[in-house]
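Have a look at this one.
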2 protein chains.
Amino acid sequence: MLQLTRDGEYAVRAVLHLAAHEDRVSLIHEISEAQDVPKSYLSKIMQSLTRAGIVKSRRGAKGGFFLARPAGSITLRETIEAVEGPIHLNVCLIKKGECPKDEGCPVHPVWREAQKKLFEVLEGKTMQDLVRDAEAIQKRNSRKLAQAR
Amino acid sequence: MLQLTRDGEYAVRAVLHLAAHEDRVSLIHEISEAQDVPKSYLSKIMQSLTRAGIVKSRRGAKGGFFLARPAGSITLRETIEAVEGPIHLNVCLIKKGECPKDEGCPVHPVWREAQKKLFEVLEGKTMQDLVRDAEAIQKRNSRKLAQAR
DNA sequence: ATATTTAAGATGATTTTAGTCCTGATTTAT
DNA sequence: ATAAATCAGGACTAAAATCATCTTAAATAT
């Protein structure tokens, strides 16, 4: 459907949560509540993120999740692909031979271009950027609220 | 899966075929063979394209399909959305209220930007452009073939 | 030991995808 | 008038993807 799945959306929310609380570990339960993601489902998402090397986990008491690397080095694209697999806007971009025409198809370069542009946007934002953006939005909203009084 | 479905791919092939043979009507059977699309499936695709006002049809002997408008006025985006419905890279772009955070979400503007970029690419190519591109590729390939001899 | 957490795998309901097939409506040719 | 050619529309289906849930195992802190 040319649309991000829940997997990708939930992964972004989870990593963003960890990025906003980089100083400590976060529990599945906590992330689930704060980010509005079903707990048992989130558990699967976190497993993928761990395997992808984006987050790390510690089991047992005092355990939980935390970023494996600085938030400034984790992009949206990386986070999404960790749970959804590599993004290919059209099957013809997966590899040679997926399209009958393949070379010789005039639409192929258009999809390549579209995907490149998409990647530029998704790679242009790190989790650190997004945490800062969220803070800015927060500040703007509370100022608005103060004015309304 | 953030990927174009067969519907969209087939629609593009079909409209491209009509654009390359704008002087006459094309049969389902013919398009199916030439563009490698299952015949009975293509029938559905053509119905959507007709309803969307991109192609016109005539029934009966000497009937078939043809473009409803000049190929230069039909974009890739339009063709795809005719069969897949409006493109929304993320559910949060469908309308307000689809996302729990909605306003206040720092990721939302990123998706808006990504979608804008995608639309720019898909709207920047008309069916006329693509037919010309295909001809250029054809010419280049036959020149290469001649050199190889 | 025990309580707390994540890891991994099995399972399942619902929706989407990617088709097929049949009947009917329309148009043209004879 | 009738037959032949074509598209229109709807019913149907198999397989895959989506979006979860649940249970058991493993690791860790106290």
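The analysis underlying the following values was restricted to heavy atoms, covering all of them including side chains, and did not include hydrogens, waters or symmetry mates. Residue numbers begin at 1 in each chain, while the letters A, B, ... track the order of the sequences.
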*asked:* Using only atom types and a distance under 3.5 Å, with no angle test, would you say the side chain of S32(B) pairs donor to acceptor with the backbone of V37(B)?
replied: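 A pair under 3.5 Å: yes.
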
_Integer-rounded Å distance: dA20(D) P and E9(A) CD_ =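 Interatomic distance, CD of E9(A) to P of dA20(D): 12 Å.
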
Got a list of protein N/O to nucleotides 8-13 of chain D N/O distances below 3.5 Å?
residue	atom	partner	partner atom	Å
dA8(D)	OP1	S57(B)	OG	2.7
dA8(D)	O4'	R59(B)	NH1	2.5
dG9(D)	N7	K44(B)	NZ	3.3
dG9(D)	N7	Q47(B)	NE2	2.9
dG10(D)	N7	K44(B)	NZ	2.6
dG10(D)	O6	K44(B)	NZ	2.7

*If we only count heavy atoms from C-beta on, is the V25(B) to K62(B) side-chain gap below 4.5 Å?*
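No, every pair of side-chain atoms sits at 4.5 Å or beyond.
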
*asked:* For chain B and DNA chain C, what are the first and last nucleotides along the strand, 5' to 3', with at least one atom under 4.0 angstrom from a heavy atom of the protein chain?
replied: dT17(C) to dA29(C)

*Can you tell me the distance, in whole Å, between the CD1 atom of I45(A) and the P atom of dT18(D)?*
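Going from CD1 in I45(A) over to P in dT18(D) covers 11 Å.
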
*Between atom CG in L27(A) and atom P in dA29(D), what is the gap in whole Å?*
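Value for this atom pair: 14 Å.
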
*The single option from E9(A), H17(A), E30(A) passing side-chain hydrogen bond (donor to acceptor under 3.5 Å, both in side chains) against Q35(A)*: H17(A)

*Polar side-chain atom of E22(B) near backbone of L67(B) as donor-acceptor pair, under 3.5 Å*: no

_How many whole angstroms separate atom CD of E30(B) from atom P of dT6(D)?_
11 Å

*DNA chain C: 5'-proximal contact among R6(B) and K62(B) (nearest heavy atom)*: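 Going by which nucleotide is closer to the 5' end, it is R6(B).
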
*asked:* Go nucleotide by nucleotide along DNA chain C from the 5' end; which of S26(A) and L2(A) gets its closest nucleotide reached first?
replied: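 Mapping each residue to its closest nucleotide by heavy atoms, the 5'-most match is S26(A).
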
*Looking for any heavy atom pair under 4.0 Å, which part of the strands does T5(B) touch: base, sugar-phosphate only, or nothing?*
sugar-phosphate

*Test item: D7(A) and Y41(A) side chains (from C-beta on) under 4.5 Å apart, heavy atoms*: yes

*asked:* Please confirm whether the shortest side-chain N or O distance from Y10(A) to OP1 or OP2 of dA20(D) is below 4.0 Å.
replied: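 Result: yes.
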
*Interatomic distance, I28(A) CD1 vs dT21(D) C1' [rounded to whole Å]*: 14 Å

*Check R24(A) against F66(A) and note the closest heavy-atom contact, atom names and distance.*
O-CB, 4.3 Å

*Toward the 5' end of DNA chain D, which comes first, D7(A) or G60(A), by nearest nucleotide?*
D7(A)

*May I ask you to check whether R143(B) and Q147(B) show a side-chain donor-acceptor distance below 3.5 Å?*
no

*Less than 4.0 Å between a side-chain N and a carboxylate O, is that true for E113(A) and K117(A)?*
yes

*asked:* With a 4.5 Å cut-off on side-chain heavy atoms, are L2(B) and E81(A) touching?
replied: no

